[in-house]
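Note that the structure is a prediction, hence the values are computed from the model and not measured. Numbers here are sequence positions counted from 1.
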Amino acid sequence: MADAITQQKYFLSGKVEHFTESVIREMTRQAMLHGAINLAQGFPDFPAPAEIKRAAQEAIAADINQYAITWGAKNLRNAIAQQMKTAQGISVDPETQITVCCGSTEAMISTLLAVCNAGDEVVIFEPFYENYGPDAILSGAKPRFVKLRPPTTPEGEWKFDERELRAAFDHHTKAVILNTPNNPTGKVFTGEELNLIRDLCVEFNVLAITDEIYEHILYDGTQHISMARLEGMSDRTVTINGLSKSYSVTGWRVGWTVAPPAITDAIRKVHDFLTVGAPAPLQEAGAAALGIPASYYQNLAEAYCARRDRLMPALSQAGFRCFKPRGAYYVMTDISAFGFPDDLAFTKYLVKEIGVAAVPGSSFYNDPRDGSQQVRFAFCKRDETLDEAASRIKGLRKRK
Ligand code: GLN
């Protein structure tokens, strides 16, 4: 048997050996196995807006069932351009600057494949959404990590050290990946921080790839600023976004890139050969979604804020130290109070014995030790789900 496995492994690419399977997706499978409440993978358990679902049904009924233009249905690209203008004051040409992909996940890997050569380096803030590391490796680049340090006070923010960031940039740096509002920390990068990153991008001739999928999910008066809006950045920014989080349709797999024309050209080629195109009827529904009245986004953010404020006190009471998110729909926590050897042992206990799935912190760090006392909870769930999780989590106290 061992010989058979060795023989099979002979065929594998060295690239895949450098990363592990997604822990976030694995935790969803664990939740299903143990009948646990899934606060691991970030997807809503409540319905998507009725008008968007209706638009998808109508698109199928109208037989929009064949390939869309490979880089995206015209209606959707126009709606994306319109939205960037309204929300961020950024003018983009839907004919030459937008590529619709199968989710922002494909948008990110298509972008990296389109811009990276072997030996290039990509700067990534950590903790990071776990796809970015493997994405960089698959595209032949080497990730360089820059730490975001957790707040030391309950109302504090995650921060990076300016000198550490500068030290990560050199002539090998091709791109910096930025995710704001941030998964997993909930950090919303400030104008001042973005300007610092901008200055380094200009000085070292580096591309900014910004994942803005949580752009509408903001709390406590924070503002989302698109990197592409900053002076000097329109020619060196790829903005990534999608339908998943803003419209609660993570399974539709519709995302996109907005980039300068020559970069878009390259992204479109990679995207075309990877997937040909995103689901055609769901792109039409996406065009309808982006036309939704502005009050929808206000309500979305308020509803998520209420969910944050429902889950966080329950976690704190149970003994977690919570790092308050200012955006996105996750809360990172410190688990030192529970005395577990590491995050993996803790999440295993949590899913099996307590009946709640969360993501071990180590999956957001290059060196697992950095996340060994952290765990991430997603709160994009119905009140009943959050309340049930809260009541189960009380069981942790009894263990102590
Ligand atoms: N972004 C979500 C998370 O971090 C899930 C993304 C995914 O699994 N594709 O949980």
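A tilted orientation is assigned to the rings of F379 and Y219, their planes being inclined by 30° to 60°.
For the 3.5 Å distance criterion, the side chains of R326 and N182 fail to qualify, holding no donor opposite an acceptor. Between the side chains of T250 and K245, no donor-acceptor pair of N or O atoms lies under 3.5 Å. Between the side chains of E126 and N366, no donor-acceptor pair of N or O atoms lies under 3.5 Å. Inspection of the Q374 and D343 side chains reveals no N or O donor paired with an N or O acceptor under 3.5 Å. Between the side chains of E212 and T210, at least one donor-acceptor pair of N or O atoms lies under 3.5 Å.
With values rounded to the nearest 0.5 angstrom, R308 atom CZ is found 13.5 Å from L386 atom CG. Here the straight-line distance linking atom CG of L218 with atom OH of Y297 works out to 13.0 Å at 0.5 Å rounding. Atom CG of L396 sits about 11.0 Å away from atom CD of E353, to the nearest 0.5 Å. Here CH2 of W71 is found 12.5 Å from OG1 of T257. Values are rounded to the nearest 0.5 Å.
Considering only heavy atoms from C-beta on, R376 comes within 4.5 Å of N183 through its side chain. Within the 4.5 Å cutoff, no side-chain heavy atoms of I90 are placed close to those of V258. The closest side-chain heavy-atom distance from M84 to T239 is below 4.5 Å. Using a 4.5 Å heavy-atom cutoff, the side chains of L39 and L311 are in contact.
At distances below 3.5 Å, at least one donor-acceptor pair connects side-chain atoms of T347 with backbone N or O atoms of L344. Although no hydrogens or angles enter the test, the distance criterion places a donor-acceptor pair under 3.5 Å between the side chain of R144 and the main chain of A167. Remark: side-chain polar atoms of N179 are paired, donor with acceptor, to backbone N or O of D211 under 3.5 angstrom. Checked by atom type and distance alone, the side chain of R236 pairs as donor or acceptor with a backbone atom of V206 at under 3.5 Å. For D63 (side chain) and N65 (main-chain N/O), no donor-acceptor pair under 3.5 Å exists by modelled atom type. Distance alone, capped at 3.5 Å, is enough to place a donor-acceptor pair between the Q283 side chain and the A73 backbone. The main-chain N or O of R229 is never found under 3.5 Å from a side-chain atom of Q88 such that the two would form a donor-acceptor pair. Side-chain atoms of E106 never come within 3.5 Å of backbone atoms of T275 as a donor-acceptor pair (strictly under, hydrogens ignored). Checking side-chain atoms of H271 against main-chain N and O of T70 turns up a donor-acceptor pair under 3.5 Å. Judged by distance alone, the side chain of K187 and the main-chain N or O of W158 form a donor-acceptor pair under 3.5 Å.
Minimum heavy-atom separation, I393 to A314: CG2-O, 4.5 Å. A pairwise comparison of heavy atoms in M332 and T185 identifies CG-CA, 4.3 Å as the closest pair.
Grouping the Ile, Leu, Val, Met, Phe, Trp and Tyr side chains by contacts below 4.5 angstrom, directly or via other members, places L230 with V238. V92 and M233 end up in different hydrophobic clusters when Ile, Leu, Val, Met, Phe, Trp and Tyr side chains are linked at under 4.5 Å. Taken together through direct or relayed side-chain contacts under 4.5 Å among Ile, Leu, Val, Met, Phe, Trp and Tyr, L148 and V123 form part of one hydrophobic cluster. No chain of hydrophobic side-chain contacts below 4.5 Å, direct or via other Ile, Leu, Val, Met, Phe, Trp or Tyr residues, connects I37 to M27. In terms of hydrophobic clustering, with Ile, Leu, Val, Met, Phe, Trp and Tyr side chains grouped at heavy-atom distances under 4.5 Å, I209 and I98 are assigned to different clusters.
A distance below 6.0 Å separates the ring centres of F128 and F145. Aromatic ring centres of F125 and F189 lie closer together than 6.0 Å. Taking the six-membered ring for Trp, Y304 and Y214 have ring centres at least 6.0 Å apart. Aromatic rings of F377 and F320 (six-membered ring for Trp) have centroids within the 6.0 Å cut-off, being under it.
In this structure, R310 pairs ionically with D387, as a charged nitrogen and a carboxylate oxygen lie closer than 4.0 Å. For the pair K324 and E155, the salt-bridge criterion is met [side-chain N within less than 4.0 Å of a carboxylate O]. We find that E58 and R54 are not joined by a salt bridge, their nearest charged nitrogen and carboxylate oxygen being 4.0 Å or further apart. The existence of a salt bridge linking K74 and E95 is confirmed by a sub-4.0 Å separation between a basic side-chain nitrogen and an acidic carboxylate oxygen.
With D45 as the fixed residue, the salt bridge (Lys or Arg N to Asp or Glu O under 4.0 Å) test singles out one of K381, R307, R382: R382.
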Go through E121 and K142 one step at a time and tell me if the side chain to side chain contact (heavy atoms under 4.5 Å, CB included) criterion holds.
CA-CA 5 Å; E121 293 186 359; K142 190 171 157 248; 3.9 Å; yes
Take E157 and V188 through the test side chain to side chain contact (heavy atoms under 4.5 Å, CB included) and record every step on the way to the result.
CA-CA 9 Å; E157 311 296 337; V188 179; over 6 Å; no
D342 vs S362, side chain to side chain contact (heavy atoms under 4.5 Å, CB included): CA-CA, chis, key distance, verdict:
CA-CA 9 Å; D342 62 30; S362 55; over 6 Å; no
Full working for side chain to side chain contact (heavy atoms under 4.5 Å, CB included) between I240 and I213
CA-CA 7 Å; I240 292 176; I213 192 88; over 6 Å; no
